[in-house]
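Below: the structure, in structure tokens.
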Number of protein chains: 2
Amino acid sequence: MAQARRKDEKLRDVSRRMILERTARLLVRNGYGDTSLRDIAQACDMKAGSLYYHFDGKDALIEQVMTEGVRRVQARVRDALDQAADASPLDRVRLAMEVHLTTLHDKSDYASAHIRCFPHVPADIRQRLRSVREEYEAVWIDLLETARGAGLIAADVDLMTLRFALIGMMNWTLEWPRVAGTRPTDLADRFFRIAFEGASHPVPQIG
Amino acid sequence: MAQARRKDEKLRDVSRRMILERTARLLVRNGYGDTSLRDIAQACDMKAGSLYYHFDGKDALIEQVMTEGVRRVQARVRDALDQAADASPLDRVRLAMEVHLTTLHDKSDYASAHIRCFPHVPADIRQRLRSVREEYEAVWIDLLETARGAGLIAADVDLMTLRFALIGMMNWTLEWPRVAGTRPTDLADRFFRIAFEGASHPVPQIG
DNA sequence: CAAAAATTATAACAGTTGTTAGAATTATCG
DNA sequence: CGATAATTCTAACAACTGTTATAATTTTTG
């Protein structure tokens, strides 16, 4: 009600979206176990029972937040990659890292809620979320295999390990206190520099 | 009671240790918010009220588990480094990675409990845990600065970013389903290979 | 074995949790 | 406006939470 909405957008959808957003924020701060329906309702200026008009229950609501978390990152990364279809394979990897990190930190509580709560969510939800994750991981598998096909990744580097290393160092930045003041874009460059050039290798300045 | 104990070890300490261990396992599986004192007590063949003889309350118990989580990793890493005092700076980094990963996956639920629950633990506990973390991080800062001093890390690589990248890719392995069958030692080698030689650089075989 | 100390169990407390049914309210539309 | 549909609130439920005081039990000691 505090939000402007397009003519063609149903009030029902606006409320749903607001609930999902507030839930995401609470999940990031307090985690799955310590986010109650009454907390969520209060953040939405509602009462707990009213949430059941929009969602089947706590777990259904949270599952949707976490599902959307992956989908949003995936959508943004795919869009960026589509608009840079002719870039070099390694530049596409760097771009994907930049968008992934930016979405995590600036754009969406959904994504960080997913990352922080995934380990502690009920097993049946976690099971379904795995499928959603795999779709996004397919993007990275494709990125890295393409780079290898172009001869840009050494033969003795296991692509799965490389993928987990990249995802790991990026997602773990959520544990830092405010990313130590580094902008996500700079962070992506530095991570890329380390993972692909190697911390031991000096990189000659171009020009 | 089900456990043999040394003559000089008080029963009190044995019980405390058992409670801490079972708590760590539950924390890893269920997280902070969904691990109740009755769950812990049941895992110890006790009743919830009895736990108060050993600990001041839930938060005190959990804080001690998580504190010990860092201390154990730190102790094992320091020991290994002391026994390899004359190794090259980069070999010492690789060794630290190996011990860190091994402890996380094979040796101790304390460490993984710490990593998984840290974001969702009450704020005052989290504050105190930060100091404990900083002590361990000092080990890594020293490792990397020494390597740089020996000219083994390129000048344009930010050491803080490198440290976060290493810690991040290692800690994130807890999110994989059983590390995908890779042994921690091999994992350490591959991570080291990527982060220091660079995924794009072919490494000439020695010999 | 008996006395003292250490450890655990019992039972209850106040508060919180997810959930539900039905009443009350608000928005939509003829 | 009036009628209908779409939302929200109310109030309660059973189950669970951390915690406490006190009683029962076990272990250690003399």
Side-chain angles (χ1 to χ4, degrees), chain A residues 1-23 26-27 29-66 117 120-125, chain B residues 1-23 26-27 29-66 117 120-125:
Chain A
M1 54 163 41
Q3 194 121 0
R5 60 175 157 121
R6 307 191 311 270
K7 267 274 175 52
D8 63 328
E9 198 174 23
K10 303 278 190 289
L11 177 62
R12 179 192 190 107
D13 296 332
V14 174
S15 299
R16 273 185 69 98
R17 201 178 312 271
M18 177 191 66
I19 294 172
L20 288 168
E21 262 165 27
R22 308 280 163 91
T23 303
L26 287 175
L27 284 178
R29 300 205 202 296
N30 308 327
Y32 171 79
D34 290 331
T35 300
S36 74
L37 279 181
R38 286 171 176 84
D39 291 340
I40 296 173
Q42 182 177 346
C44 301
D45 292 311
M46 292 174 57
K47 300 295 178 177
S50 310
L51 295 171
Y52 281 80
Y53 177 78
H54 295 282
F55 300 93
D56 288 339
K58 181 187 181 181
D59 284 358
L61 166 56
I62 287 183
E63 178 170 350
Q64 185 149 349
V65 168
M66 296 181 68
C117 298
H120 302 312
V121 121
D124 57 314
I125 296 183
Chain B
M1 55 163 40
Q3 194 122 356
R5 61 176 156 122
R6 306 191 314 270
K7 268 270 175 54
D8 62 328
E9 199 174 21
K10 301 280 189 290
L11 176 63
R12 179 192 191 107
D13 295 333
V14 173
S15 299
R16 273 184 70 98
R17 201 179 310 271
M18 178 191 67
I19 295 172
L20 288 168
E21 262 165 27
R22 308 279 163 90
T23 303
L26 287 175
L27 284 178
R29 298 204 203 297
N30 308 328
Y32 171 78
D34 289 331
T35 299
S36 73
L37 279 182
R38 286 171 177 82
D39 290 340
I40 296 173
Q42 183 177 346
C44 301
D45 293 310
M46 293 173 58
K47 301 295 179 177
S50 309
L51 295 172
Y52 281 80
Y53 177 77
H54 295 281
F55 298 94
D56 288 339
K58 182 186 182 183
D59 284 357
L61 166 56
I62 287 183
E63 179 171 349
Q64 185 150 347
V65 168
M66 298 182 69
C117 298
H120 301 312
V121 120
D124 57 313
I125 296 184

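Atoms considered below: every heavy atom in the structure, side chains included; atoms not considered: hydrogens, waters and symmetry mates. Only a predicted model underlies this, so the values are computations on that prediction, with no experimental measurement involved. Here is how names work: the chains are called A, B, and so on, in the same order as the sequence lines, proteins then strands, and each is numbered from 1.
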Which atom pairs, one a donor and one an acceptor, fall under 3.5 Å between side chains of residues 37-45 of chain B and the rest of the protein, sequence neighbours left out?
| unit_1 | atom_1 | unit_2 | atom_2 | d |
| --- | --- | --- | --- | --- |
| Asp39(B) | OD1 | Ser36(B) | OG | 3.4 |
| Asp39(B) | OD2 | Ser36(B) | N | 3.3 |
| Asp39(B) | OD2 | Ser36(B) | OG | 3.2 |

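- Put simply, CZ on Arg16(B) and CG on Leu61(B) are 9.0 Å apart, with the number rounded to the nearest 0.5 Å.
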Quick one, Tyr32(B) with Asp59(B), criterion side-chain hydrogen bond (donor to acceptor under 3.5 Å, both in side chains). Give me CA distance, side-chain angles, the key distance, then yes/no. CA-CA 10 Å; Tyr32(B) 171 78; Asp59(B) 284 357; 2.7 Å; yes

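- If you measure from atom CE of Met46(B) to atom C1' of dT7(C), you get 8 Å, rounded to the nearest angstrom.
- Rounded to whole Å, atom P of dG18(D) lies 12 Å from atom CG of Leu26(B).
- Rounding to the nearest 0.5 Å places CE of Met18(B) at 9.0 Å from OG1 of Thr23(B).
- Following rounding to the nearest Å, Asp59(A) (CG) and dT19(C) (C1') show an atom-to-atom distance of 12 Å.
- Phosphate proximity of dT8(D) to Tyr53(A): absent, as no side-chain N or O sits under 4.0 Å from OP1 or OP2.
- Cation-pi contact between Lys58(A) and Tyr52(A): absent, since separation from the ring centre below 6.0 Å together with deviation from the ring axis within 45° is not met.
- A straight line from CZ of Phe55(A) to P of dT8(D) spans 11 Å, rounded to a whole angstrom.
- Among residues two or more places apart in sequence or in another chain, the side-chain hydrogen bond (donor to acceptor under 3.5 Å, both in side chains) test is passed with Asp56(B) by none.
- Nucleotide dT7(C) holds its P atom 12 Å from the CE atom of Met18(B), rounded to whole Å.
- In this structure, His54(B) does not reach the dA6(C) phosphate: none of its side-chain N or O atoms is under 4.0 Å from OP1 or OP2.
- Contacts of Lys47(A) with the nucleic acid, taken as non-hydrogen atoms under 4.0 Å apart, include base atoms.
- For the pair Leu51(B) CG and dT7(C) P, the interatomic distance rounds to 14 Å; values are reported in whole Å.
- Look at CZ on Arg16(A): it is 11 Å from P on dT7(D), rounded to the nearest Å.
- Of the residues in residues 34-44 of chain B, those with a non-hydrogen atom less than 4.0 angstrom from any atom of DNA chain D are Thr35(B), Ser36(B), Leu37(B), Arg38(B).
- Rounding to the nearest 0.5 angstrom, the gap separating the CD atom in Gln64(B) from the CD1 atom in Ile19(B) is 10.5 Å.
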Would you tabulate the pairs of protein nitrogen or oxygen atoms and nucleotide nitrogen or oxygen atoms of nucleotides 20-26 of chain D closer than 3.5 angstrom?
none

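- Here the CG atom belonging to Leu20(A) is positioned 10.0 Å from the NE2 atom belonging to His54(A), to the nearest 0.5 angstrom.
- To the nearest angstrom, C1' of dT8(D) lies 12 Å from CG of Asp45(A).
- Atom CG in Asp34(A) sits 14.5 Å away from atom CZ in Arg29(A) (nearest 0.5 Å).
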